[in-house]
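All ligand and atom numbering here is 1-based and tracks the order in the structure. Values reported hereafter were calculated over all heavy atoms of this structure, with side chains retained and with hydrogens, waters and symmetry mates removed.
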Amino acid sequence: MPFNAETLIAQRALAVDASGIRKVFDLAANLKDPVNFSIGQPDFDVPERLKEKAIEAIHAGKNRYTPTQGIAELIDPLLKKTLADTAWPAEDTCLLILSGTSAGLVLAMMATLNPGDEVLFLDPYFVMYHHLPKLCGAVPVAVDTYPDFRLHPERLEAAITPRTKLLILCSPNNPTGITLTQAELDAAAAIAKKHNLLVISDEIYDAFCYQPHLSIAKSLPGQCLMLKGYSKTYGMTGWRLGYVAGPKAIIDQMTKLQQYTFVCDPSMVQYAALETVLTHHIDMTPFVRAYQKKRDLVVNGLKDSFEINAPGGAFYIFPKVPGNGKITATTFAQQAIANNLLIIPGNVFSSRDTHFRISYATTDDKLAQGIDILRKLAREI
Ligand code: PLP
């Protein structure tokens with residue numbers, strides 16, 4: 001029999017689909033100057049000081065492997081800040097520097113999941129939460145939050161079985177922009193304690209919070225992995241930097257697994273990031289304020305034509321397709337693309353296909369154009 005590469009593909013790879021977001025990007029490639037509401041990254045560039053520091057680090061020869069867990073100069077202040085923010089016990093808390101928050105999700109699941117274990121998260125969800133458990137032979141369990149996208153404790157508890165091991169929370173949320181209240185976080189923490197669940201708190205959008213950011217981490221010493229990311233905060237999605245803090249027993253295993261996977265975070269990125277924790281803090285608040293204005297612009301522009309749960313953070317809005325189910329979100333997104341507007345249909349992030357994701361990380365001009373197109377499409381349904 002001739003060699004056939006396709007026959008070699010593992011079940012693990014076959015079990016996951018290509019990202020639906022990438023499919024929209026492929027369609028975008030054929031459009032001329034589209035209004036692009038599909039991009040999950042800030043439209044501002046990395047601050048100049050960080051760029052200079054990365055270049056300096058390269059010229060200074062910081063181009064070799066770093067320790068697996070990251071450079072001590074970066075870990076120490078981040079750990080200090082984590083302990084101050086969470087009041088976790090110093091003797092049981094460790095921190096690992098990651099090649100992006102994504103690496104933290106991969107390593108956390110590799111370190112904790114056995115085949116058949118179940119992973120809870122809220123639907124709509126960030127796509128990795130759905131796919132990564134499957135790569136570990138585990139079972140993703142999405143807990144419905146429609147129509148308000150709030151955390152409903154009774155639904156969460158009803159989804160728990162003896163195999164449930166992890167609960168992933170993300171606030172501010174991708175794709176809804178919803179931020180969880182203290183009462184919701186307290187309810188989730190009580191459920192995690194009652195059922196001995198490890199909570200992964202994905203806080204990658206913590207800088208894009210239009211009121212003080214609340215974290216579940218504080219309520220769960222020894223029972224939470226707190227994931228932080230630099231990608232969105234500093235517009236450096238391509239640089240790959242994040243970190244995870246949590247109980248020593250789990251961080252030690254994640255560090256061991258990092259040795260055989262990501263090896264270490266890019267050295268020059270770690271050295272540049274020192275600039276964010278040392279003497280001269282880099283202030284990103286002007287960008288965050290600008291994004292808050294963009295959110296208001298889009299919510300105000302669409303609220304008469306679409307059902308919207310006003311988001312409290314990140315840079316996403318997740319409106320409902322009008323027409324009471326007359327058309328799916330996939331059809332609506334196709335109509336938008338035919339009008340030179342890129343949005344992501346809800347079924348990329350959900351078991352439902354009734355809503356669509358807007359990223360408002362773009363210029364005010366493009367936002368105004370996109371709002372006009374969406375209002376026109378809503379009128380035509
Ligand atoms: N978590 C959430 C909720 C995200 O939206 C993203 C990226 O879009 C990530 C994690 C991964 O980000 P990164 O690996 O760039 O830190």
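- At a cut-off of 3.5 Å, with distance as the only test, a side-chain donor of T176 or N173 sits close to an acceptor on the other residue.
- Using a distance-only test at 3.5 Å, with no hydrogens or angles considered, no donor-acceptor pair links the side chain of K320 to the main chain of F306.
- By the ring-ring contact (aromatic ring centres under 6.0 Å, His included) test, F37 pairs with no residue at all, sequence neighbours left out.
- Between D85 and K218, none of the side-chain N atoms (NZ, or NE/NH1/NH2) sits under 4.0 Å from a carboxylate O, so this pair counts as no salt bridge.
- The side chain to side chain contact (heavy atoms under 4.5 Å, CB included) test applied to E184 returns R150, L151, L180, T181, not counting sequence neighbours.
- Each of G100, T101, S102, F126, Y129, C170, N174, D202, I204, Y205, S231, K232, R240 has a non-hydrogen atom positioned under 4.0 Å from some atom of ligand 1.
- Residues satisfying the ring-ring contact (aromatic ring centres under 6.0 Å, His included) criterion with Y125, sequence neighbours excluded, are F121, H130.
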